[in-house]
Amino acid sequence: RVFVDQCIATKDNLKLDSPLPVVTALAFRISDAYNALVEQVHEDATAAFDELDEDERARREEARLDREFAIGEMLRLALNLDYGDEIGRRKMFQLVQSMLAQDVLPEALLARCLDVLRVLSTSERDLIRVVVEVVHGLRDPSDPDAEAEAEAAMKGDVDDAETEMGSPRRPQRPAQLPKPATEMSPEEKARADAVDLRCLALCIGMLERVNSVCHVPFSVVRTARS
């Protein structure tokens, strides 16, 4: 990744062609690395993790941070790929979108995913539309179609013939009214607070990557204000 950045900085296009991977190949590599990271995060969240000794917990924490770093570098490398191949472009787009739609995505990788999404989006309006859909999905995760699409994207099973950036939004189901905070259990309250923070981070990251806010939907502004 550093070598590619140096070639771009010095405009050395002759050396730049050989190290750049094919978009589809890098998308699958990122997907495999991210799935391994998610699996470790779920394992560390179990009670068995607390039973490990301090050295083993430190080793697993270091391994998790190494995985996050490697994924972040691959996402930075993805910014400089040639997206002339529409199939590879759609696969990368679906992968990054599905990563953003998962609340398990580490905060450190959120900005990297948004950077790639900005490069792949056809316009600011398209970037805003995708982030709005992600925010709606995080706030109302009960949509089975959205869950199936995210799972398929992470496994690389997206139908390229039917997946297209900038396609019309999937019809939105009527939004379910959130449960009042007074009726939430401590676990539900913590979950709701975490989702609010993630949505706020997405809104801030999206606004930092657009030059104009005139077309930002009011729902996004309301989310950021709340």
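Residue indices begin at 1 and follow the sequence shown.
Residues Val119 and Asn80 have side chains not in contact (no heavy-atom distance under 4.5 Å, counting atoms from C-beta outward). Using a 4.5 Å heavy-atom cutoff, the side chains of Arg60 and Glu43 are in contact. Side-chain contact between Cys113 and Leu117 is absent, with no heavy-atom pair separated by less than 4.5 Å. A 4.5 Å side-chain heavy-atom check between Leu202 and Leu138 finds at least one atom pair inside the cut-off.
Partner Leu75 forms a side-chain contact (heavy atoms from CB on, under 4.5 Å) with one of Ile30, Asp115, Leu26, Leu95 and no other, that one being Ile30.
Qualifying salt bridge (Lys or Arg N to Asp or Glu O under 4.0 Å) partners for Asp193, counting only residues two or more places apart in sequence or in other chains: Lys189. With sequence neighbours excluded, the residues satisfying side chain to side chain contact (heavy atoms under 4.5 Å, CB included) with Ala33 are Ile71, Met74. For Val23, the side chain to side chain contact (heavy atoms under 4.5 Å, CB included) partners are Leu81, Tyr83, Met92, not counting sequence neighbours. Partners of Asp85 under the side chain to side chain contact (heavy atoms under 4.5 Å, CB included) rule, at least two apart in sequence or in another chain, are Thr24, Ile87. In this view, Glu56 and Arg59 satisfy the salt bridge (Lys or Arg N to Asp or Glu O under 4.0 Å) rule, not counting sequence neighbours. Asp82 meets the side chain to side chain donor-acceptor pair (under 3.5 Å) test with no other residue; sequence neighbours excluded. With sequence neighbours left out, Arg57 forms a side chain to side chain donor-acceptor pair (under 3.5 Å) with no residue at all. Residues satisfying the salt bridge (Lys or Arg N to Asp or Glu O under 4.0 Å) criterion with Arg1, sequence neighbours excluded, are Asp5, Glu73. Val38 meets the side chain to side chain contact (heavy atoms under 4.5 Å, CB included) test with Tyr34, His42, Gln102, Val104; sequence neighbours excluded. Looking at residues two or more places apart in sequence or on another chain, you find a salt bridge (Lys or Arg N to Asp or Glu O under 4.0 Å) between Glu107 and Arg198. With sequence neighbours excluded, the residues satisfying side chain to side chain donor-acceptor pair (under 3.5 Å) with Arg67 are Gln40. Under the side chain to side chain donor-acceptor pair (under 3.5 Å) criterion, Gln6 pairs with no residue at all, not counting sequence neighbours.
In this structure, Arg89 contributes its side chain and Leu120 its backbone to a donor-acceptor pair below 3.5 Å. Between the side chain of Ser98 and the main chain of Gln94, a donor-acceptor pair closer than 3.5 Å is present. Judged by distance alone, with hydrogens and angles left aside, the side-chain atoms of Arg209 form a donor-acceptor pair with the main-chain N or O of Gly205 at under 3.5 Å.
Across all non-hydrogen atoms, the minimal contact from Val134 to Leu100 is CG1-O, 3.5 Å. Scanning both residues, Cys7 and Leu16, for their nearest heavy atoms gives CB-CD1, 3.9 Å. Asp196 and Arg139 get closest at one heavy-atom pair: OD1-NH1, 3.1 Å.
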Decide yes or no on salt bridge (charged side-chain N to carboxylate O under 4.0 Å, His left out) for Asp32 and Arg29, but give the supporting numbers first. CA-CA 5 Å; Asp32 290 341; Arg29 181 66 63 88; 5.8 Å; no
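Note that the CZ atom of Phe93 and the CD atom of Glu86 stand 10.5 Å from one another [nearest 0.5 Å]. Interatomic distance, Leu109 CG to Leu114 CG, rounded to the nearest 0.5 Å: 11.0 Å. With rounding to the nearest 0.5 angstrom, the CZ atom of Arg118 is 8.5 Å from the CG atom of Leu127. To the nearest 0.5 Å, atom OG of residue Ser121 and atom CE of residue Met206 are 11.0 Å apart.
Both Leu20 and Val96 belong to a common hydrophobic cluster when Ile, Leu, Val, Met, Phe, Trp and Tyr are linked at side-chain heavy-atom distances under 4.5 angstrom. Transitive grouping of hydrophobic side chains (ILVMFWY, heavy atoms separated by less than 4.5 Å) keeps Leu197 and Leu110 in distinct clusters.
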